[in-house]
Amino acid sequence: MFEFLRRLRRPAPSIDDELWRVTVAALPWANDLDAPRQQRLRELSARFLREKTITPVQGLQLDEVQHCMLAAMCCLPLLEFGAEGLHGWSQMLVYPDEFRVKLVDFDENDVQHEWHEEISGESHDNGVLIVSWADVAAECAAPHRGDMVVVHEMAHKLDFLDGVVDGTPPLPREWQLEWARDFQAAYEDFGDEVDALLDAEDEDPDRSANDDDEDAGYLHGIRITAADAPEEFFAVVSECHFSNPDALLARMPRVAAHLIRFYGPSPFA
């Protein structure tokens with residue numbers, strides 16, 4: 001009872017005006033939020049900094065501004081969803097660069113395959129969220145590329161909330177059905193396009209990307225890893241919603257409409 005009353009009296013978390021000003025200046029998308037949404041982001045970020053532990057590893061040093069930047073990036077997808085999106089985990093690990101993980105998968109014959117891969121982010125159900133600081137910094141330098149590793153991992157956290165990892169966050173029942181229908185159709189269409197692209201590259205090894213994209217690994221401005229699984233599709237298109245919304249709207253208008261409703265308008269829309 002006394003602990004409950006103590007929490008009631010606990011002042012709301014806040015971020016110093018100067019710290020917030022410098023943080024906003026360091027985030028290319030933050031100044032494009034309207035005043036009410038920027039204030040909501042500031043309040044969510046303050047709560048994040050109070051409730052979560054940000055732990056740099058492998059000798060990485062992060063200053064106060066960089067901590068605040070990471071908090072704001074995590075809270076950007078929560079502007080409409082709210083602080084409920086922070087439930088279920090307590091720590092963020094930040095590596096200096098991409099980090100090595102062991103991956104396991106089973107083929108069509110149920111044979112297990114294991115390999116190691118360098119990745120820029122990882123999110124665990126009821127566990128840590130892990131990102132590469134080098135990737136975060138690169139995304140701030142090229143904010144329209146379509147990559148936002150922190151948003152990607154936060155999308156997985158939102159997906160975890162209903163206990164089923166399927167690319168659908170907690171939604172009202174009617175909206176959930178519409179979401180599942182439209183996302184599944186877009187996921188399957190995108191997967192077919194990616195398969196066709198990869199088949200064409202196998203036939204012509206000198207072709208590293210399709211005519212619409214400058215970089216290998218992207219199709220119509222969307223990373224081809226979106227075709228890996230429904231939950232990965234949700235995370236990748238969430239990145240596009242915030243950093244390359246025009247590409248997403250052009251290729252997947254129904255998916256874009258759901259994400260605008262779920263996340264609010266992209267700062268770069």
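Salt-bridge formation is not detected for the pair E178/R181: no Lys NZ or Arg NE/NH1/NH2 atom is positioned less than 4.0 Å from an Asp or Glu carboxylate oxygen.
Rounded to the nearest 0.5 Å, atoms CZ (R223) and CG (N244) are 12.0 Å apart. Interatomic distance, E239 CD to R145 CZ, rounded to the nearest 0.5 Å: 11.0 Å. The distance from the OG atom of S45 to the CE atom of M73 is 10.5 Å, given to the nearest 0.5 Å. Residue E231 holds its CD atom at 7.0 Å from NE2 of H156, rounded to the nearest 0.5 Å. A distance of 12.0 Å separates CG in L158 from OG1 in T168, rounded to the nearest 0.5 Å.
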Legend entry - Candidate pair F242 and L248, rule side chain to side chain contact (heavy atoms under 4.5 Å, CB included), full reasoning: CA-CA 10 Å; F242 286 107; L248 186 64; over 6 Å; no
Legend entry - Test side chain to side chain contact (heavy atoms under 4.5 Å, CB included) applied to D147 and S243, step by step: CA-CA 7 Å; D147 299 326; S243 60; 5.8 Å; no
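The side chain to side chain contact (heavy atoms under 4.5 Å, CB included) test applied to D195 returns no partner, not counting sequence neighbours. For Y95, the ring-ring contact (aromatic ring centres under 6.0 Å, His included) partners two or more places apart in sequence, or in a different chain, are F99.
Put simply, the side chain of Q38 gets close to the backbone of A30: a donor and an acceptor are under 3.5 Å apart. Not a single donor-acceptor pair under 3.5 Å links the side chain of R251 to the backbone N or O of G221. With hydrogens and angles ignored, the 3.5 Å screen pairs no side-chain donor or acceptor of K157 with any backbone N or O of G88.
When each of R47, R40, Q39 is tested with E43 by the rule side chain to side chain donor-acceptor pair (under 3.5 Å), just one qualifies, namely Q39.
Between the side chains of T55 and Q91, at least one donor-acceptor pair of N or O atoms lies under 3.5 Å.
Checked against the 6.0 Å centroid threshold, W179 and F262 count as a close aromatic pair.
Using a 4.5 Å heavy-atom cutoff, the side chains of V236 and H152 are in contact.
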